[in-house]
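Chain naming here is simple, since letters A, B, ... match the order of the sequence lines and numbering starts at 1 in each. Only a predicted model underlies this, so the values are computations on that prediction, with no experimental measurement involved.
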Protein chains: 2
Amino acid sequence: MDGGGNQPHVVIIGGGFGGLYAAKALKRAPVRITLLDRRNHHVFQPLLYQVATAALAAPDIAAPIRKILRRQRNVTVMLANADSIDAPGKRVVLSDGEIHFDYLIVAAGAMHSYFGHDAWAEFAPGLKSIDDAFDIRRRVLIAYEKAERETDAQRRKELLTFVVVGGGPTGVELAGALAEIARNTLTRDFRNVDPQSARVVLLDAGDRLLTPYLPRLSQSAQRQLEGLGVQVVTGARVTAIDAMGVSIGPERIQAATVLWAAGVQSNPLGQSLGVPMDRAGRVQVEPDLSIPGHSNVFVIGDMAAVKWRDGMVPGVAPAAMQMGRFAARAIFARVTGRTLEPFSYVDKGSLATIGRSRAVAQFGKWGFSGIVAWSFWLWLHIFFLIGFRNRMVVLMEWFWAYLTFQRSARIILDDPHARIKPK
Amino acid sequence: MDGGGNQPHVVIIGGGFGGLYAAKALKRAPVRITLLDRRNHHVFQPLLYQVATAALAAPDIAAPIRKILRRQRNVTVMLANADSIDAPGKRVVLSDGEIHFDYLIVAAGAMHSYFGHDAWAEFAPGLKSIDDAFDIRRRVLIAYEKAERETDAQRRKELLTFVVVGGGPTGVELAGALAEIARNTLTRDFRNVDPQSARVVLLDAGDRLLTPYLPRLSQSAQRQLEGLGVQVVTGARVTAIDAMGVSIGPERIQAATVLWAAGVQSNPLGQSLGVPMDRAGRVQVEPDLSIPGHSNVFVIGDMAAVKWRDGMVPGVAPAAMQMGRFAARAIFARVTGRTLEPFSYVDKGSLATIGRSRAVAQFGKWGFSGIVAWSFWLWLHIFFLIGFRNRMVVLMEWFWAYLTFQRSARIILDDPHARIKPK
C-alpha cells in the first residue's frame with residue numbers, strides 16, 4: 001500500500017481541521033500523502049451543537065473526507081483506526097495492519113474528560129462527534145415525549161429539567177439552544193405539558209462563564225442567557241452525576257437530562273509517542289511542532305501543548321488550521337532543503353453564540369455582543385463551512401428557522417432509548 | 001390520560017400515511033383523538049431509498065408527527081409501542097401501560113418478510129425505516145472504503161458487487177441509485193479502486209420487473225436500468241444469503257453487500273385481533289374497513305386485505321391515504337348517526353423511478369417512460385412531501401445533485417460496522 005514513487009510518504013492521522021488543512025497545504029509538495037481517520041467524514045465542529053439541538057441535519061455540517069480531497073491527486077484517504085505510533089520504527093500501528101511513514105502529522109484531536117469520573121459519561125454525554133450529537137438530540141426530545149405521558153408532577157418536573165455542565169463556548173451554545181427549544185420551538189406541540197415551563201440550568205465551576213473572554217463579555221453572555229430563561233450558576237463544582245440528576249456538594253438538581261461540556265483531554269494516541277505530556281494529555285512539542293527526538297513527527301491541534309503569551313494556544317479550530325498549515329510547510333521545507341521560523345499562533349479573535357441574535361465576540365481588547373456579534377458569527381461560520389452546497393443549505397435552514405422559530409431535524413433515531421420501554 | 005370531555009375517544013395506531021390522513025380527516029369531528037407511534041416521526045416512505053443511497057438527509061423526508069399535527073387541537077400524539085389489541089375490552093395494550101378507545105384505527109404498516117428465512121435479515125437488510133436507510137447507507141459506503149484498502153483482487157471484486165433482491169419499485173430504485181453512485185458520484189474519490197468497475201445486480205424471481213405494470217413498461221424499466229450498467233436477472237429464485245453473497249440454486253454471486261426488497265408482511269399486531277388474515281398477515285376487513293364482529297375497529301393501509309378488481313388493493317401510499325380518510329369518515333358518520341357507502345379504491349396510477357431522467361409511469365392503460373415520467377415523478381413527490389420547508393430543501397438538493405452528480409449525505413454513522421475492525 002506504500003508502493004508507487006520514491007517521493008517521501010507523509011501520513012496524517014485525523015481528518016479534522018488540523019489534518020485537513022495540513023493535507024491541503026501539501027497540495028504542491030513533492031510528497032505522497034495518506035490521510036487516515038476512523039470516520040469517513042470531516043465534521044465542522046463549531047456547528048455540531050446545532051445538530052445536537054435539532055436545528056441542522058448531520059450532512060449539513062459533515063462531508064466525506066475523500067470528497068473534500070478528491071481533486072488533490074497526491075492524497076489517499078483511508079478509513080482506518082490508529083492504535084499506536086512507533087516513532088523510531090516510522091510506522092503507525094492500525095487496528096488491522098500498519099502503515100509506514102517518512103513524515104507523520106498526528107492530528108487526532110481531543111475527547112471528553114470527566115476528570116476521573118468516567119462513570120458520569122453514561123448520564124452526561126459530551127459533544128465531540130455526529131453520533132454524540134444524535135445521542136444528545138435523542139435524550140432531549142425523549143425527555144419531552146416522556147413528560148407528555150407522565151402523570152406524576154414531580155417526575156414531570158425532572159423530565160423538563162435540563163442541566164448543562166461547563167460554561168465554555170459549547171456549554172453556552174447548548175444551554176442557549178435548549179432554552180430556545182423550550183420557549184419557541186415546541187410551544188404548540190404538546191397537550192399535557194407546557195414546554196415553556198422547562199428549566200435549563202448552566203453550571204460552571206469558575207466565577208464566570210467563558211473565562212478566556214473579557215469579564216464584561218462574560219457578564220454579557222450571562223445576561224443574554226438569563227434573558228432566554230437560562231439559570232446560570234457559577235462557582236458550582238459538580239460532585240456527582242447519576243440518572244436522576246446532579247449533585248453540587250450538598251445541593252441537588254433533579255434532572256432527567258444532563259449534558260457535559262466541562263472538559264476535554266487529548267486523544268490517548270499521544271501516549272504511545274513516549275514524550276512529555278501536560279496534565280490534559282497534550283504532547284509538549286518543539287517550537288516547530290515536532291516531538292523531541294523525532295523531527296519527522298509533528299503533533300498539532302488539540303493534541304499539542306504549545307506555549308502562547310502567558311498560557312497555551314487554545315484548543316480551537318483556527319489554532320488547529322494554523323498548526324496544520326505550519327506542519328505542512330515544515331515538511332515542505334525539510335523535503336526541499338529549506339528551514340522555517342518557529343510556529344507562532346495568530347489570535348483571530350473569539351466568538352460564542354448564545355441564540356437568535358445573541359452572541360459575544362472578542363478581537364484582542366475589543367469586544368462586543370448582541371445582534372452585531374451574532375451576525376458576525378453567522379457569516380463567519382457560513383464562510384468557513386466546507387463546500388458550497390453545505391453553505392447554501394445551512395443558510396437556507398437558518399433563514400427558515402429565523403422566520404419560523406422551527407427546528408427541522410427533530411428526528412429521534414433508533415437506539416435502546418428511542419422506544420418507550422416497560423418501566 | 002383518557003380524561004377530559006365526553007366526546008368519543010378515537011385511538012390511531014401508527015403515524016404513517018394511513019394514520020396521519022385519518023387524524024387529519026377527523027379535524028372537525030366531535031371526537032378526541034390519540035395518535036400513537038413508536039417513533040416520533042412520520043417518514044415519507046417513497047423517498048426513503050434516497051436517504052439509503054446518501055442523496056438526502058433524514059430530516060428532509062421525516063418530520064415529527066406532533067409537529068405535523070400541532071395545530072389540530074383535538075389530537076394528542078404519544079410516543080408509545082402498541083403490544084396488542086383487546087378489541088372486546090376496547091383497549092390497546094402498550095409496552096408500558098394501556099389506553100382505552102371508543103373507536104380504533106389500526107395503521108401500523110408492514111415490515112420485511114424473508115419468507116421464513118429470518119436468518120437472511122442480518123446479511124440483507126430491507127428498507128422500511130430511517131434506521132434501515134442508515135444501515136444500508138453505511139454498508140454501501142463501507143464496502144467502497146474496504147475495497148480501497150483491499151489488496152486481494154478477488155475480495156476487492158466481492159466488495160464492489162452489490163446485489164438487490166426483488167424487482168418491485170424499491171428494488172428498481174435501489175439498484176438504479178447504486179449504479180449512479182458507482183458511475184457518477186464516486187468517480188474521482190478513490191485512488192486504488194475504480195468505482196465504475198462496481199457491479200450492481202438486480203434479482204427478481206418473476207419473469208419481469210415491476211409486475212403490476214404493463215409489460216412494455218417492465219421492459220422499459222429493465223432497459224433503462226441496463227443503460228445505467230445494472231445487470232438484471234429475472235427468474236432468479238434466491239436459495240441462500242450469507243455474509244459472502246447470494247445463491248440462486250447452484251449459481252452463486254459473491255457480494256459483500258446484499259439488499260432485500262423482495263417481500264413485506266403485515267405488522268404482527270393484527271394477529272391480536274383474532275380475525276381471519278391472508279397469507280401476508282393482512283387482516284381481511286369488511287367493506288367499511290372494520291373488522292368482523294367489531295364495527296368500531298378499523299384496519300387500514302398495508303395491514304388491510306381489501307379486494308380490488310381481480311386482486312387486492314396494493315400496499316402503496318395513496319391506498320393508505322384513501323383508507324385513512326375513509327376510516328375517519330366512517331367514524332365521523334357513526335358518531336353523527338349517518339351511514340356511508342363501502343370503501344372503494346381509486347387507482348391514481350403508478351410511478352417508479354430508476355435514476356436521473358429515468359422512470360416509468362402508468363395511468364390506467366396509459367404508460368410512458370424516460371424523462372417525461374421522471375419529471376412527473378419529481379414534481380408529484382415534491383408536492384406530496386409533508387411541509388413547505390422539506391419541499392424547498394429537497395428541491396434544492398435535487399437541483400444541486402442534478403448539476404453536480406453529487407450526493408450530499410455520504411456520512412457513515414457510528415455502528416459496530418462503522419469502524420474498521422481487526423480481521
Side-chain angles (χ1 to χ4, degrees), chain A residues 1 38-41 54 56-60 62-64 66-67 70-71 73 75-81 94-97 129-131 134 141-142 145-146 148-149 151 186 188-192 387 389-390 392-393 396-397 400 404 406 408-414 418-423, chain B residues 1 38-41 54 56-60 62-64 66-67 70-71 73 75-81 94-97 129-131 134 141-142 145-146 148-149 151 186 188-192 387 389-390 392-393 396-397 400 404 406 408-414 418-423:
Chain A
M1 205 167 279
R38 66 191 172 87
R39 298 184 199 272
N40 83 323
H41 51 275
L56 291 177
D60 292 344
R66 61 172 70 260
K67 183 181 160 192
R70 66 207 298 235
R71 287 172 200 281
R73 303 306 295 182
V75 180
T76 300
V77 175
M78 195 186 276
L79 186 69
N81 192 29
L94 310 175
S95 307
D96 55 350
S129 69
I130 294 280
D131 295 286
F134 280 166
L141 295 177
I142 290 275
E145 292 292 340
K146 284 188 173 165
E148 172 80 346
R149 291 188 59 188
T151 47
L186 300 179
R188 307 174 74 117
D189 287 22
F190 293 87
R191 301 294 179 256
N192 303 317
R389 179 250 156 213
N390 286 0
M392 289 293 295
V393 171
M396 218 176 84
E397 296 268 19
W400 186 244
T404 64
Q406 278 305 314
S408 59
R410 280 167 46 201
I411 307 301
I412 302 175
L413 295 170
D414 233 5
R419 301 183 187 183
I420 300 280
K421 286 278 170 60
K423 276 170 195 161
Chain B
M1 204 167 278
R38 67 193 172 88
R39 298 183 199 273
N40 83 322
H41 51 274
L56 292 176
D60 292 344
R66 63 171 70 259
K67 184 180 158 193
R70 67 208 296 235
R71 287 173 201 280
R73 303 305 296 181
V75 181
T76 300
V77 175
M78 194 186 277
L79 186 69
N81 192 28
L94 309 175
S95 307
D96 56 350
S129 69
I130 294 280
D131 295 287
F134 280 166
L141 296 177
I142 289 275
E145 293 292 338
K146 285 189 173 167
E148 172 80 346
R149 293 189 57 189
T151 47
L186 301 179
R188 307 173 75 116
D189 287 22
F190 293 88
R191 301 294 179 256
N192 303 317
R389 179 253 157 211
N390 285 0
M392 289 292 296
V393 171
M396 220 177 82
E397 295 267 19
W400 186 244
T404 63
Q406 279 303 315
S408 59
R410 280 168 46 201
I411 307 301
I412 302 175
L413 295 170
D414 233 7
R419 300 181 187 185
I420 301 279
K421 285 279 170 61
K423 276 169 194 160

Is A:R149 reaching over with its side chain to a backbone N or O of B:M78, donor-acceptor style, under 3.5 angstrom?
no
When you compare the side chain of B:L79 with that of A:I142, does any pair of heavy atoms fall below 4.5 Å?
yes
Gap between atom OG1 of A:T76 and atom CD of B:E148 - 0.5 Å precision
6.5 Å
Give, for atom NE2 of B:H41 and atom CG of A:L141, the distance between the pair rounded to the nearest 0.5 Å.
11.0 Å
So what's closer than 4.5 Å to chain A heavy atoms on B:A63: side chain, backbone, both or neither?
backbone
Please evaluate residues A:R191 and B:R66 with respect to the criterion side-chain contact (heavy atoms from CB on, under 4.5 Å), reporting the C-alpha separation (whole Å), side-chain torsions for both, the decisive distance (0.1 Å), and the verdict.
CA-CA 10 Å; A:R191 301 294 179 256; B:R66 63 171 70 259; over 6 Å; no
Could you tell me which portion of A:F190 (side chain, backbone, both or neither) has an atom closer than 4.5 angstrom to a non-hydrogen atom of chain B?
both
Within the 4.5 Å heavy-atom criterion, are B:K67 and A:R188 side-chain neighbours or not?
no
Which region of B:L94, side chain (C-beta onward) or backbone (N, CA, C, O), has a non-hydrogen atom less than 4.5 Å from a non-hydrogen atom of chain A, or is it both or neither?
side chain
Under 4.5 Å to a heavy atom of chain B? For A:R70 that would be both
